[in-house]
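For reference, the structure is listed below as C-alpha cells.
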Amino acid sequence: MFNDPEINKLIIYALLGIIAVMGIALIVLGVKRNTYYVDEEGEEVTPPSKRKKKAEPKVLEEVPVSKPEPQPEPAFRIVEEPAPEPVPQETIAVERQDLKAVPTPIVARDTEIAKTLEVPVSVKAPEPKGFVASVAINGNITEKTIETLPCLLGRDKENCDLVVAEKAVSRKHARIYINDGKLYLEDVAEHNGTYLNGRKLPPLGNSPLNENDKINLGRATVVIEKVTY
C-alpha cells in the first residue's frame, strides 16, 4: 500500500489537514481565554455566557375566595346559668325547725284556695210545686190553694182539682201543668174556649202561665195570685 505514491499523498494531505485543524482550534481557544469583559468604569465583569440568569419571581394567580354566607341569628339563645351553690346541711336543719315552729293559717289558706277555685255555676231555677188562685163567679170570690200538679179545672167535682161551678164551664175545661220548670195553661175542652189575659187559646193549645195572669172559663175568672215552690 505504501508503495503506491498516490495513496501516500492522500495520507500526507489528511495528516496535514488534521494538524491544521488542531492548530486553528488551539489558536481559537487561546484567544477566547484571553478575552474578558469590563463595565463602564473598567472593572472586569462576568461574560454574559457565564452569567446565571436570575429566576424571575413567580406571580401567583389570585384565586377568588368565597366569602361565607352570613348565618341568620337564632331566635333564642341558650344561656347556661351557673349551678346553685350547695346549701350546708346545718342551714337546712335550722330552716326546717323554723317552719315547724310557725303555725300554718289553715283557715285563711283554705279561704284563699276557695276564692281561687270559685267557678261560676249556673243555678237552676226552682220548679213550681203549686199555686194560690182566686175564683170569681157572679161576684163571689173564693181562694183556692193547689199543692199538686198537674191541676185539672172544670165542673166535675170528682175529677177536677180546681172546681169551677159555672154552667158555661165544661166538666174538664183546662189543665195547669209543669213543663221545663215553668207553669203552662192548656185548653182541654176544645169547644167552650179558654182565655188567658183576654186572648183565646187555640183548641187544645197551651201557653206559659205566670203570677197575676187571668184565666176566663165561661163567666168565671181565675187569677193566679201566687206560685209556690
Beyond-backbone contact of [X] with [Y], side-chain heavy atoms, under 4.5 angstrom:
X: Leu153; Y: Cys151; value: yes
X: Val227; Y: Leu183; value: yes
X: Val135; Y: Lys144; value: yes

So, taking the atom named [atom1] in [X] and the one named [atom2] in [Y], what distance separates them when rounded to the nearest 0.5 Å?
X: Lys129; Y: Thr148; atom1: NZ; atom2: OG1; value: 12.5 Å
X: Asn197; Y: Asp213; atom1: CG; atom2: CG; value: 4.5 Å
X: Asp187; Y: Leu196; atom1: CG; atom2: CG; value: 11.5 Å
X: Leu149; Y: Asp161; atom1: CG; atom2: CG; value: 8.5 Å
X: Leu162; Y: Leu152; atom1: CG; atom2: CG; value: 9.5 Å
X: Arg171; Y: Arg155; atom1: CZ; atom2: CZ; value: 6.5 Å

Legend entry - Remaining members of hydrophobic cluster (4.5 Å side-chain criterion), Leu10: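 None; Leu10 is a cluster of one.
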Inset, instruction - Hydrophobic side-chain clustering at under 4.5 Å (ILVMFWY, transitive links): who's grouped with Ile141? Put none if nobody. - result: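 So far as hydrophobic clustering goes, Ile141 is joined with none.
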Inset, instruction - Give a yes or no answer on whether the side chain of Thr228 reaches the backbone of Gly130 with a donor-acceptor pair at less than 3.5 Å. - result: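 Answer holds: yes.
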Inset, instruction - Output every pair passing salt bridge (Lys or Arg N to Asp or Glu O under 4.0 Å) with a member in residues 199-212, not counting sequence neighbours, ordered by first then second residue. - result: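 Output for this query is empty, none listed.
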Inset, instruction - Name all pairs fulfilling the side chain to side chain donor-acceptor pair (under 3.5 Å) condition that reach into residues 176-185, sequence neighbours left out, sorted by first residue then second. - result: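 The answer is Tyr177-Asn206.
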Legend entry - Modelled atom types, side-chain donor and acceptor of Ser134 and Glu225, under 3.5 Å: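 Side chains of Ser134 and Glu225: pair found under 3.5 Å.
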Legend entry - Derivation and outcome, side-chain contact (heavy atoms from CB on, under 4.5 Å), residues Val164 and His173: CA-CA 9 Å; Val164 181; His173 198 117; over 6 Å; no
Under 4.5 Å between side-chain heavy atoms, counting indirect links through other Ile/Leu/Val/Met/Phe/Trp/Tyr residues: same cluster for [X] and [Y] or not?
X: Tyr229; Y: Phe131; answer: yes
X: Leu185; Y: Ile146; answer: yes
X: Leu201; Y: Ile176; answer: yes
X: Val222; Y: Ile178; answer: yes
X: Leu26; Y: Ile18; answer: no

Inset, instruction - Not counting sequence neighbours, list each pair that qualifies as a ring pair (Phe, Tyr, Trp, His ring centres under 6.0 Å) and has a residue in residues 136-165. - result: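 Listed by first then second residue: nothing to list.
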List the atom pairs, donor and acceptor, that lie under 3.5 Å between side-chain atoms in residues 214-221 and the rest of the protein, sequence neighbours left out.
from   : atom 1 : to     : atom 2 : distance (Å)
Asn216 : ND2    : Thr221 : OG1    : 3.1
Arg219 : NE     : Glu166 : OE2    : 3.0
Arg219 : NH2    : Glu166 : OE2    : 2.8

